[in-house]
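Here the structure comes first, spelled out in structure tokens, and everything after it is commentary.
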Amino acid sequence: MSRNSFLFFVLVVPNLIVATVLAAGPHSALSEWRPARATYYAPTEQVDTVSGACGYGDLLKSGYGMSTVGLSSALYDHGQICGACFEIRCVEDLRWCIPGTSIIVTATNYCPANYGLPGDGGGHCNPPNKHFVMPIAAFEKIAIWKAGNMPIQYRRIKCIKEGGIRFSMDGSGFFLSVLVSNVAGAGDVMAVKIRGSRTGWLPMGRNWGQNWHINADLRGQPLSFEVRASDGITVTSYNVAPKDWNFGQTFVGKQFES
């Protein structure tokens, strides 16, 4: 089973599920309202952590909570969209929609296609469907759970995050992998560069989701990062990691404006 085919069906601690509900309108929109559909998933047992196909690991500890969403292929864009924020509202079906509500979610997961079922009969995330899948607690903020596969409207909005961008170090030897998370502004990252005290700026490659990697031995050097978001804005964080940094550590850098 591939990573994308099973990471979507995550398990959560029910009493930790939270969703941010805000009335539609007060946020700076990056796009107009567009039509899509949404369903939900529910936990089947209690576990301590949740995860997702974008590579953020424990969403509760990383600050994303359960105000998150999994996207179909038509929206997921091979992981490029990871970290982007959306406002979602229930429309059309007045039997099930909760009037005057919307929910702000962050893209942290992928909903794989199910080609064994038609797109209008169970294969909700099959191309070219634009589909969102949310935790049931988030779904119930905008619609009654019995609604099932709901017509919705969505739009990209700017992400609002507390604190700076987080750089989580992983790898071994001269292989360095960095998870870039808690990104405000556009939310999704297009490019990352890294610089040691004995190097120039070195471009990193996207491994998967928002995990970026490079083959270079940068141990024993303070590290700086340059992050470019999908809106073209770049933020540079100098000497984020001290020269004695180690794998498994997380460092906080400069943040984009919300």
Taking the side chain as every heavy atom from C-beta outward, state whether [X] and [Y] have any atom pair closer than 4.5 Å.
X: Phe175; Y: Asp170; value: no
X: Val180; Y: Ile165; value: yes
X: Ile214; Y: Val192; value: no
X: Ile136; Y: Tyr41; value: no
X: Met204; Y: Val178; value: yes
X: Asn109; Y: Val69; value: no
X: Tyr238; Y: Lys254; value: no
X: Pro127; Y: Tyr115; value: yes

| task | Could you check Ile104 against Ile157 for side chain to side chain contact (heavy atoms under 4.5 Å, CB included), going step by step and ending with a plain yes or no? | result | CA-CA 9 Å; Ile104 308 303; Ile157 65 169; 3.5 Å; yes

To check you understand the geometry: which heavy-atom pair defines the closest contact between [X] and [Y], and what is its length?
X: Pro128; Y: Ala74; result: O-CB, 3.7 Å
X: Gln210; Y: Cys82; result: NE2-O, 3.0 Å
X: Leu117; Y: Asn126; result: O-ND2, 2.9 Å
X: Gly123; Y: Asn129; result: O-ND2, 3.6 Å
X: Leu75; Y: Tyr154; result: CD2-OH, 3.6 Å
X: Ala143; Y: Met150; result: CB-CG, 4.4 Å

Under 3.5 Å, side chain of [X] to main-chain N/O of [Y], donor-acceptor pair present?
X: Asn182; Y: Gly164; result: yes
X: His213; Y: Gly205; result: yes
X: Glu140; Y: Ala137; result: no
X: Gln255; Y: Ala184; result: yes
X: Arg89; Y: Gly100; result: no
X: Asp231; Y: Ile233; result: yes

[atom1]-[atom2] distance between [X] and [Y], expressed to the nearest 0.5 angstrom:
X: Ile142; Y: Cys90; atom1: CD1; atom2: SG; value: 5.5 Å
X: Phe86; Y: Ile81; atom1: CZ; atom2: CD1; value: 4.0 Å
X: Leu202; Y: Leu223; atom1: CG; atom2: CG; value: 10.0 Å
X: Arg156; Y: Glu32; atom1: CZ; atom2: CD; value: 13.5 Å
X: Trp212; Y: Asn207; atom1: CH2; atom2: CG; value: 10.5 Å
X: Gln80; Y: Asp188; atom1: CD; atom2: CG; value: 5.0 Å

| request: Scan residues 217-227 for pairs that pass side chain to side chain donor-acceptor pair (under 3.5 Å), counting only residues two or more places apart or in two chains. | output: Asp217-Arg219

| Just checking, is any N or O donor in the side chain of His124 or Asn149 under 3.5 Å from an acceptor N or O on the other one? | yes

| query | Between Thr39 and His131, is any side-chain donor less than 3.5 angstrom from a side-chain acceptor? | reply | yes

| task | Before giving the answer on side chain to side chain contact (heavy atoms under 4.5 Å, CB included), spell out for Val189 and Val183 the whole-Å C-alpha distance, their side-chain angles and the decisive distance to 0.1 Å. | result | CA-CA 8 Å; Val189 176; Val183 180; 4.0 Å; yes

Quick check on the hydrophobic clustering: are [X] and [Y] connected, directly or via other members, by side-chain heavy-atom contacts under 4.5 Å?
X: Ile88; Y: Trp96; value: yes
X: Val227; Y: Met190; value: no
X: Leu179; Y: Phe256; value: no

| Verdict with supporting geometry, Thr250 and Phe167, side chain to side chain contact (heavy atoms under 4.5 Å, CB included) | CA-CA 5 Å; Thr250 297; Phe167 302 93; 6.0 Å; no

| said: Would you say that more than 12 heavy atoms from the other residues, nucleotides or ligands in this model lie under 6.0 Å from the CH2 of Trp145, or not? | reply: no

| field | CZ/Phe247: more than 12 non-hydrogen atoms of other groups inside 6.0 Å | value | yes

| field | Verdict with supporting geometry, Ile194 and Leu176, side chain to side chain contact (heavy atoms under 4.5 Å, CB included) | value | CA-CA 10 Å; Ile194 189 171; Leu176 175 61; 3.6 Å; yes

| query | Is the ring centre of Tyr76 less than 6.0 Å from the ring centre of Tyr110? | reply | yes

